[in-house]
Amino acid sequence: MKNTKLRHFINLSEIESTDLKQIITNAHILKNDLNSSTNEYSKLASKKSIAMMFEKPSTRTRVSFEVAINQLGASSLFLPAGETQLGRGETVSDTAHVLSRYVNAIIIRSSNHTDLIEFANNATIPVINGLSDLNHPCQIMADIMTFEEKIGSIQGKKIAWCGDGNNVANTWIEASDKFNFELHLACPDDLQPSVSITEAAKKKNGKIFLTSIPEKAIENADCVITDTWASMGDKNTERKKQLLQPFQVNNDLMKIASPNAIFMHCLPAHRGEEVTEEVIDGQQSVIWDEAENRLHVQKAIIAWCMGMKV
Ligand code: CP
Ligand code: NVA
């Protein structure tokens, strides 16, 4: 039976704006604490066990969560989903019931967002979305933290997405009304972000503008973002790549953004496809800080889900 008191971290749209902002504030605290001599949060989650069950490959999410868990004093277990009995047909709900008896929280990377929801509906522990086909909330929390470090509050700023209307784009849409910034997305007509996520965010006063003209989205933007043209599990990637050719982020596009604009990419990147080498390895790119901040923000997400005070 669904336990509504649990704090899952699955969609930004379902979490209060004040909680999301507090998580980012806490992430800054935890980042500073890690580099301090006292390191007072090193036992915050001691004696807890946190599992990570992944159906898809991962470098950043897996490593940053595993290190985050260890730095909070908890122990981590990595479970490739296909090597559990899920791979032999055990149901998602039975797996959720059983794992809830062993571990205190779980991070799931899932090919089907509906499986993630089914797991959460049957779990008695917090479930954190480590990427699904529909969204990637931990990534956008790290991105907003990075924006704050480089530029300041994201409220009222112009954020531009240029490329595929994928899971990462969907999560930026969910974030726009929670953090109150303007989001301009340039995507090919056939590769628009989720209609239901866009409509829901617009209804809540999200300032979301869709276009198929990159220059329109990027003009005077404070931040330019793109992502791979072929996400994990995508079909018909050759057609997608053809449609996305005019959406490559290059120096000409960066020149029309605000002069102080930053460039973000969740990685992994494909230089020469969605972004040129000169942009991703150039002065406006903040990709390494963005990747690092996954570690800090995810500690704050774990603490929020588990009701631990930072
Ligand atoms: N950005 C991100 O989630 O990277 P991984 O797929 O390597 O985890
Ligand atoms: N959109 C990409 C993000 C990878 C972190 C994918 O889903 O593969």
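Only this structure's heavy atoms are used, side chains among them; waters, hydrogens and symmetry mates stay out. Everything numeric here is computed off the predicted structure, so don't read it as measured data. We count ligands from 1, going down the list as the structure has it; atoms in each ligand are counted the same way.
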Under 4.0 Å, heavy atoms only, figure out whether ligand 2 is touched by the backbone of Asp133, its side chain, both or neither. neither

Among Ala169, Ser231, Gly130, Ser58, closest by any non-hydrogen atom to atom 2 (C) of ligand 2: Ser231

Nearest heavy atom to atom 3 (O) of ligand 1: which of Arg60, Glu290, Met232, His136 does it belong to? His136

If I apply the N/O under 3.5 Å rule, does Ser58 come out as touching ligand 1? yes

Subset of ligand 2 atoms that lie under 4.0 Å from at least one heavy atom of Met232: 6 (C), 7 (O), 8 (O)

Indicate, as side chain, backbone, both or neither, the part of His265 found under 4.0 angstrom from ligand 1 when only non-hydrogen atoms are considered. neither

Test of understanding: given a 4.0 Å heavy-atom threshold, classify the contact between Asp164 and ligand 2 as side chain, backbone, both, or neither. neither

What are the atoms of ligand 2, with element, lying closer than 4.0 Å to any heavy atom of Leu131? 3 (C), 4 (C), 5 (C), 7 (O)

Are any of the N/O atoms in His136 less than 3.5 Å from those in ligand 2? no

Show which atoms of ligand 2 fall inside a sub-4.0 Å distance from at least one heavy-atom site of Leu267. 5 (C)

Lys/Arg N to Asp/Glu carboxylate O, Glu83 vs Arg88, below 4.0 Å: no

What heavy-atom pair brings Gln192 and Cys187 nearest, and what distance separates the two atoms? NE2-O, 3.2 Å

What's the spacing between Glu55 CD and Leu131 CG if we round to 0.5 Å? 11.0 Å

Counting only heavy atoms not in Glu277 (residues, nucleotides, ligands), do more than 12 fall under 6.0 Å from its CD? no

When you measure from the heavy atoms of Leu131 to every atom of ligand 1, does any distance fall below 4.0 Å? no

Any Lys/Arg nitrogen of Asp177 or Lys203 sitting under 4.0 Å from an Asp/Glu carboxylate oxygen of the other? no

Minimum-distance protein heavy atom relative to atom 7 (O) of ligand 2: Asn167 ND2, 2.8 Å

Check the pair Trp229, Leu243 against side chain to side chain contact (heavy atoms under 4.5 Å, CB included), reporting the backbone distance first and the verdict last. CA-CA 9 Å; Trp229 287 346; Leu243 291 173; over 6 Å; no

Would you mind checking which non-hydrogen protein atom is closest to atom 7 (O) of ligand 1, with the distance to 0.1 Å? Thr59 N, 2.7 Å

Hey, can you tell me if Phe78 and Phe54 have their rings parallel, tilted or perpendicular (30° and 60° cut-offs)? perpendicular

I'd like to know if Glu273 and Lys241 make a salt bridge, using a cut-off of under 4.0 Å between side-chain N and carboxylate O. yes

For Leu267, counting its heavy atoms only, list the atoms of ligand 1 lying under 4.0 Å from any of them. 1 (N), 2 (C), 4 (O)

Against heavy atoms of Cys266, which atoms of ligand 1 measure under 4.0 Å? 1 (N)

Does Tyr102 OH have over 12 foreign heavy atoms under 6.0 Å away? no

Would you say the ring centers of Trp172 and Phe179 fall short of 6.0 Å from each other? no

Atoms of ligand 1, numbered as shown, that sit under 4.0 Å from any heavy atom of Arg294: 1 (N), 2 (C), 3 (O)

Does Arg109 have a heavy atom less than 4.0 Å from any atom of ligand 1? yes

More than 12 heavy atoms of other residues, nucleotides or ligands under 6.0 Å from NZ of Lys204: yes or no? yes

Who gets closest to atom 3 (C) of ligand 2 by heavy atom: Asp227, Thr59, Thr228? Asp227

